[in-house]
Participant: 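First, the structure itself, so that you have it in front of you.
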Amino acid sequence: MYKVLLVDDEPKIIQGLQRLIDWEDFGMEVVGTVQSAAEAMAIMECETVHVLITDIKMPNVDGLQLIEWTKSFNRLIKCVILSGHADFPLVKEAAVLGIENYLLKPVNREELSDTLIGIYWKIESYLSEQTQLRSDAVILRNNIINRWLVNRIGRQELEQRADLLNIKFDSPYIIVSLIKILYRDSDTDHDRDLIQYAAENICSELATWAVTVCDPYGHIVCIFPSDSEDKILQIQNVLKDCSESITAYLKRDVFITIGTRERELPDVHLSYKRALHLMDYSLVMPMNSIMDDSEQSPLKSIIPINIDYNRLQSCLINGNGAGVLTFIEETLSELSSVGGVSPSLVQNVTIEIAHHLLSYTHKIDPDHAFQMKNQGSLVAELQQQQNMDELRLWLSSLAQTTFQIAHLRDDDMNPIIKRILDYVDRHYMENISLKTISNAFNVNAAYMGQQFIKAMNDTFSNYLNIKRIEKAKELIMTTDLHLQEIAIRVGYHNQSYFNNMFKKHTGGYPTKYKITARALYS
């Protein structure tokens, strides 16, 4: 859906425009209605808007000034003027700024409809042209680079392709950095494609001496040559510029990781793998952080004791709150008993435990996980703890909050929804739907669907597809079954439909996932 902002100092005009047509019929949705240019500017500073429909005459800042301001930072926005018969001289001025049409008040339904159809196809045409500009050479380049990142290309072929694609690394070191865009829940797949494309362009323009590409997981990958410590600082500064530009222009936060320094071209996959591993900490660290493998990080420090995080994970999955608290107590006590343990090491272990707790919370209730993370930032809270006793209390409190959320979620859940979830866990591989479950439970299907959305913030069909795709990913990683057999085992008897669902939920087709995932984790 393309997003529309309506601006007019007469509320009746805005109300009339909202009711005049069904905006969804034109592939659009009204995301804001305001009565002044100042309010419109505030929205566009925080929200991506594709179409601006504004009155030409308004107090303080008029429609012309609003359009001029908007075009200064978003030249692709489509603008439509609302005017009276006496405003024609102003309309001529607006035409110079680049408007799609001017509509006389009261607005005619057919004229508005024709204008929106024209705007829709202009946007679609532009996007199609941009897609065409990605020539075969670019596609080949991206394919080669992604094979390079997962060690699926021989040295000789890599050197030949690198020369062909003008990829030259004469520096002693090569470093891989990943930029993860933190999308909003309201972002559609179409929005995400546009944002990712724009963010990749930003990174390419700022990191001119790096090779930039998108990987199958949706990360923007920057591969940097490095010949000195000063160059490493330069890399960090460039990545900071990328972060600030994406936040300023695209209104999205990011999380950035920097992998290991590698000496050989074929070893780039090691740097990429470490950068991917560090991405796990986007749940724990503040947004717009840069996590560098060269600095003291949770994955870099040498732990003097053997910490069994699988035991912690098992306690979380089984709902064993007492076991989690015991794990925290024993781990910190053992760290206290080891001589020469640095404060930074203790902090890193604490971050690792907090990461597991927050990951578990995110699985059962993403909204609460987001709130927990943003209550002043977990890392900031952690740094306020003065000694082991305070750290122990802080982690125990975090664990208790985690299980309170789990219990609240479980207690508040509609008994019917619990039965549905249990049924899906046992029968996801069968041909099930809300209708078949409603017949089994003797409950109205429409009512069940409404209650499911209310409890899970998702439709039943989407929840079922996610469950099936997660099971498919597990089978791809742990078995040698053919993809067709995997599709059938998780409930898809149409291979093409399985492929499309897999791509929708993971960003890539199962074949590519199988190759990439096994190369990364073998």
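Any value given below was found using the heavy atoms of this structure, including those in side chains, with hydrogens, waters and symmetry copies removed.
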Participant: Give a yes or no on whether a salt bridge exists between Lys473 and Glu470, defined as a side-chain N under 4.0 angstrom from a carboxylate O.
Facilitator: yes

Participant: Using modelled atom types and a 3.5 Å cut-off, is there a donor and acceptor pairing between side-chain atoms of Asn494 and backbone atoms of Tyr497?
Facilitator: yes

Participant: For the residue pair Tyr272 / Asn151, report whether a side-chain donor-acceptor contact shorter than 3.5 Å exists.
Facilitator: no

Participant: Once you round to the nearest 0.5 Å, how far does NZ of Lys78 lie from CD of Glu100?
Facilitator: 5.0 Å

Participant: Report the distance from atom CD1 of Ile486 to atom OG1 of Thr479, rounding to the nearest 0.5 Å.
Facilitator: 4.5 Å

Participant: Got a sec: does the OH of Tyr249 have more than 12 other heavy atoms crowding it under 6.0 Å?
Facilitator: no

Participant: Could you check whether Lys467 pairs with Asp425 (Lys NZ or Arg NE/NH1/NH2 to Asp/Glu carboxylate O, under 4.0 Å)?
Facilitator: yes

Participant: Please work out which of the three classes, parallel, tilted or perpendicular, describes the rings of His219 and Tyr217, given edges at 30° and 60°.
Facilitator: tilted

Participant: Considering all heavy atoms of both residues, which atom of Val49 and which atom of Asn74 are nearest to each other, and what is their separation?
Facilitator: O-ND2, 3.4 Å

Participant: Looking at Lys251 and Glu45, is any side-chain nitrogen of the basic one under 4.0 Å from a carboxylate oxygen of the acidic one?
Facilitator: no

Participant: Nearest 0.5 Å please: distance from the CD atom of Glu39 over to the CG atom of Leu5.
Facilitator: 10.0 Å

Participant: Would you check if Asn288 and Leu182 make a side-chain contact, meaning some heavy-atom pair closer than 4.5 Å?
Facilitator: no

Participant: Under the 3.5 angstrom rule, does the side chain of Asn465 hit a backbone N or O of Ser461 as a donor-acceptor pair?
Facilitator: yes

Participant: Mind checking whether Tyr492 and Phe498 have parallel, tilted or perpendicular rings, split at 30° and 60°?
Facilitator: tilted

Participant: Tell me, with the steps shown, if Ile235 and Ile175 meet side-chain contact (heavy atoms from CB on, under 4.5 Å).
Facilitator: CA-CA 9 Å; Ile235 290 172; Ile175 301 168; 3.9 Å; yes

Participant: Is a side-chain N or O of Asn237 found less than 3.5 angstrom from the main chain of Gln234, in a donor-acceptor match?
Facilitator: no

Participant: What are the two closest non-hydrogen atoms of Leu250 and Ala198, and how far apart are they?
Facilitator: CD2-CB, 3.8 Å

Participant: Crowded around Gln484 CD? As in, over 12 foreign heavy atoms under 6.0 Å?
Facilitator: no

Participant: Under 4.0 Å between a Lys/Arg side-chain N and an Asp/Glu carboxylate O for Arg152 and Glu157?
Facilitator: no

Participant: Does one side chain, of Asn201 or Glu205, offer a donor that lies under 3.5 Å from an acceptor on the other?
Facilitator: no

Participant: So how far is it from Asp191 CG to Ser186 OG, rounded to the nearest 0.5 Å?
Facilitator: 7.5 Å

Participant: Regarding Arg274 and Glu262, does a basic nitrogen lie under 4.0 Å from an acidic carboxylate oxygen?
Facilitator: no

Participant: Does the pair His50 and Met1 meet the rule for a side-chain contact (heavy atoms from CB on, under 4.5 Å), with working shown?
Facilitator: CA-CA 10 Å; His50 304 102; Met1 289 284 182; over 6 Å; no

Participant: If you measure from the Lys or Arg side-chain nitrogens to the Asp or Glu carboxylate oxygens, is any gap between Lys3 and Glu29 under 4.0 Å?
Facilitator: no

Participant: When you check the side-chain N and O atoms of Tyr183 and Arg252, is any donor under 3.5 Å from an acceptor?
Facilitator: no

Participant: Look up atom OG in Ser271 and atom CD1 in Ile174, then write down how far apart they are to the nearest 0.5 Å.
Facilitator: 9.0 Å

Participant: Hey, does Thr247 have a side-chain heavy atom less than 4.5 Å from the side chain of Met287?
Facilitator: no

Participant: What distance do Leu178 atom CG and Thr257 atom OG1 have between them, rounded to the nearest 0.5 Å?
Facilitator: 4.0 Å

